[in-house]
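These notes concern the structure reproduced below.
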Amino acid sequence: MYFSYIKIRLKIMLYIVLILSIFMLYITIKHLEFGLLLIVFSLILIFCILAIAKLLFFGVYSSRFYIDEEGVKFFKRKEIFSMKWEDINFVGLTSYTGFINKNSSIYFDGRPLEDNIYRGKDLTMHKYNDQYFGVQYRKKIVREIKKYWNKPIQGIYQIEGKE
């Protein structure tokens with residue numbers, strides 16, 4: 001099953017902001033006299049439009065994630081990372097803030113355990129590789145993981161216990 005790297009609501013919000021920015025640029029150019037204020041405002045809007053478009057179509061938010069009976073795959077724009085279920089040593093949740101919540105990431109780690117203890121989750125998305133990658137938490141993804149992964153998901157109780 002395919003999943004977007006980020007939640008669909010966030011993607012929709014970015015599309016709405018992109019459309020509104022384009023509309024504001026159109027209104028600005030069509031109804032105002034050309035002057036310094038118009039040029040500055042138009043350049044700011046163009047910058048916002050380009051930044052959001054880059055995120056949506058070429059950046060992090062264009063990444064996809066796939067889970068099936070064989071394993072998991074992470075599709076970046078020019079790279080594909082994959083792991084079979086038997087190669088995965090650890091599945092868990094991590095958060096950049098230190099607190100596990102619904103904005104956390106589910107990560108898959110194939111790196112070997114040290115003394116039977118996991119010492120990972122130190123990589124960011126820019127350092128993802130065939131041994132470590134993840135996706136933003138969603139209940140649907142957890143349900144899909146549990147179909148194929150019979151070991152515990154580290155930290156999942158902190159979210160499921162809150163609901």
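Taking 4.5 Å as the limit, some side-chain heavy atom of W85 sits within range of a side-chain heavy atom of I67. Looking at N89 and D109, their side chains never come closer than 4.5 Å, going by heavy atoms from C-beta outward. At a threshold of 4.5 Å between non-hydrogen side-chain atoms, the residues F81 and E79 count as touching. At least one side-chain heavy atom of I153 sits under 4.5 Å from a side-chain heavy atom of K146. Between F133 and Y107, the closest side-chain pair of non-hydrogen atoms is not below 4.5 Å.
With rounding to the nearest 0.5 Å, the separation of CZ in F74 from OH in Y132 is 11.5 Å. Annotation: the span from E86 atom CD to E70 atom CD amounts to 9.5 Å, rounded to 0.5 Å. With rounding to the nearest 0.5 angstrom, the NZ atom of K140 is 13.5 Å from the CD1 atom of I145. Here the CD1 atom belonging to I22 is positioned 10.0 Å from the CG atom belonging to L45, to the nearest 0.5 angstrom.
Between L18 and I49, the shortest heavy-atom contact is CD1-O, 3.5 Å. The shortest heavy-atom contact between K73 and S82 is CG-CB, 3.5 Å. For the pair I88 and K151, the tightest heavy-atom approach, listed with the atom from each and the gap, is O-NZ, 4.3 Å.
Looking at residues two or more places apart in sequence or on another chain, you find a ring pair (Phe, Tyr, Trp, His ring centres under 6.0 Å) between F108 and F65. Residues satisfying the salt bridge (charged side-chain N to carboxylate O under 4.0 Å, His left out) criterion with K84, sequence neighbours excluded, are absent altogether. With sequence neighbours excluded, the residues that form a salt bridge (charged side-chain N to carboxylate O under 4.0 Å, His left out) with K147 are E144.
Residue F47 qualifies as open at atom CZ: its count of foreign heavy atoms under 6.0 Å is 12 or below. For Y148, the OH atom counts as densely surrounded, since its 6.0 Å shell holds more than 12 non-hydrogen atoms of other residues, nucleotides or ligands.
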What verdict does the side-chain contact (heavy atoms from CB on, under 4.5 Å) test give for L93 and Y137, after you've listed the backbone C-alpha separation in whole Å, the side-chain angles of each residue and the deciding distance to 0.1 Å?
CA-CA 8 Å; L93 274 84; Y137 168 82; 3.9 Å; yes

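In the hydrophobic clustering of this structure, V17 groups with Y15; members are Ile, Leu, Val, Met, Phe, Trp, Tyr whose side-chain heavy atoms approach within less than 4.5 Å, directly or through other members. Residues M13 and I19 do not share a hydrophobic cluster, clusters being chains of Ile/Leu/Val/Met/Phe/Trp/Tyr side chains in contact below 4.5 Å.
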